[in-house]
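Read the numbers this way: they start at 1 and go in the same order the structure lists the ligands and their atoms.
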Amino acid sequence: MNQKIKFRHGTLSDCHTATDFVVVIDVLRAFTTAAYAFQSGAKDMFCVSEVEEAFHLHTQMKNSYLLGEINGYRIPGFHYNNSPAAISSVDLTGKTIIMRTTAGTQGLIRSVHAETILACSFVNASATAAYIQTHQPDEVFFVETGVTADGRGDEDIACAEYVEGIITNQRIPEETLKERVINSKNGMRFQNPSSKDLPKEDLDFVCSFDLFHFAMTAERINSRLIRLHAIDIDDGSQCTI
Ligand SMILES: O=C(O)[C@H](CS(=O)(=O)O)OP(=O)(O)O
């Protein structure tokens, strides 16, 4: 444990100010879905900001598939919705995923000055904490991508607090976290049976705490393109799942 690590909390509106070690958090749902996509065998995962950029990249990358949403809803012409429940049952072996989401991928793209970027949700929170502890940065900046002026995003704040608590030995109980996810404004959207793009079962996939033993590091290809890697925390190798 390193109690000297300083923790800062920010959102999509100030993540451009972070210059060192940044953990971009999106529980509902981008980085939960991304982790399940790696687990389902995805070879490569690229993240963009705009829908048009995703379509353009798709024409350039063989064997690539589009995954994402706009405000939570499926994008016509995309292969997959941003749903961990849906993606967990798909065999993505050897496939390249191009991801565009409303909050999560925006946080990656907008963290323009970060030296190191991780993508995190509850399914790889302990792995993320372990990666931070191994690298011992002076400061960690959490980008809580779901936070909005109208009070959304508590699930991402909870995840940041969970990661911080693991590092400072003040671990938050899973029951408390699950309640926060379910009662969050974003979580409520998944409890309406008529919205099939926002299935209730996604909440169970999101609340599968520490299911995966890999951190997701973000490699900046250019100002508009990020590539995610799943890094095994036990030996630092790139995961081949
Ligand atoms: O698909 C999601 O769950 C959200 C939709 S919204 O931003 O909350 O409207 O996108 P994500 O980028 O995964 O947070």
Novice: Is F190 close to ligand 1, meaning an N/O of one under 3.5 Å from an N/O of the other?
Specialist: no
Novice: Which part of E69 is near ligand 1, with near meaning a heavy atom under 4.0 Å away: side chain, backbone, both or neither?
Specialist: side chain
Novice: Counting only heavy atoms, tell me which of T102, L12, N82, T145 gets closest to atom 1 (O) of ligand 1.
Specialist: N82
Novice: Whether the N124 and Y131 side chains hold a donor-acceptor pair (N or O, under 3.5 Å, no angle test) is what I'd like checked.
Specialist: no
Novice: May I ask you to list the atoms of ligand 1 that are less than 4.0 angstrom from any heavy atom of R189?
Specialist: 6 (S), 8 (O), 9 (O)
Novice: Within the 4.0 Å heavy-atom shell around N71, which atoms of ligand 1 are there?
Specialist: 5 (C), 9 (O)
Novice: Indicate whether any N or O donor in one side chain lies under 3.5 Å from an N or O acceptor in the other, for R152 and N186.
Specialist: yes
Novice: Indicate, as side chain, backbone, both or neither, the part of Q106 found under 4.0 angstrom from ligand 1 when only non-hydrogen atoms are considered.
Specialist: neither
Novice: Looking at G72, which atoms of ligand 1 are within less than 4.0 Å of one of its heavy atoms?
Specialist: 1 (O), 5 (C), 9 (O)
Novice: What protein heavy atom sits nearest atom 3 (O) of ligand 1, and how far off is it?
Specialist: R29 NE, 2.8 Å
Novice: When only distance counts, is A30 in polar contact with ligand 1, meaning an N/O pair under 3.5 Å?
Specialist: yes
Novice: Which heavy-atom pair separates A125 from C120 by the least distance, and what is that distance?
Specialist: CA-SG, 4.1 Å
Novice: Compare every heavy atom of D156 with every heavy atom of G146, then report the nearest pair and how far apart it is.
Specialist: N-OD2, 2.7 Å
Novice: Would you sort out whether Q39 and S88 count as a side chain to side chain donor-acceptor pair (under 3.5 Å), showing the intermediate values?
Specialist: CA-CA 8 Å; Q39 182 64 23; S88 68; over 6 Å; no
Novice: Looking only at protein heavy atoms, which one is nearest to atom 14 (O) of ligand 1, and what is the separation?
Specialist: D26 OD2, 2.7 Å
Novice: How far is atom 8 (O) of ligand 1 from its nearest protein heavy atom, and which residue and atom is that?
Specialist: R152 NH2, 3.0 Å
Novice: Considering all heavy atoms of both residues, which atom of L198 and which atom of G72 are nearest to each other, and what is their separation?
Specialist: CD2-O, 3.6 Å
Novice: Ignoring hydrogens and geometry beyond distance, is a side-chain donor-acceptor pair present between D202 and S83 at under 3.5 Å?
Specialist: yes
Novice: Can you check whether T105 has an N/O within less than 3.5 Å of an N/O in ligand 1?
Specialist: no
Novice: I'd like to know if the side chain of Q106 and the backbone of T101 have a donor-acceptor N/O pair within less than 3.5 Å.
Specialist: yes
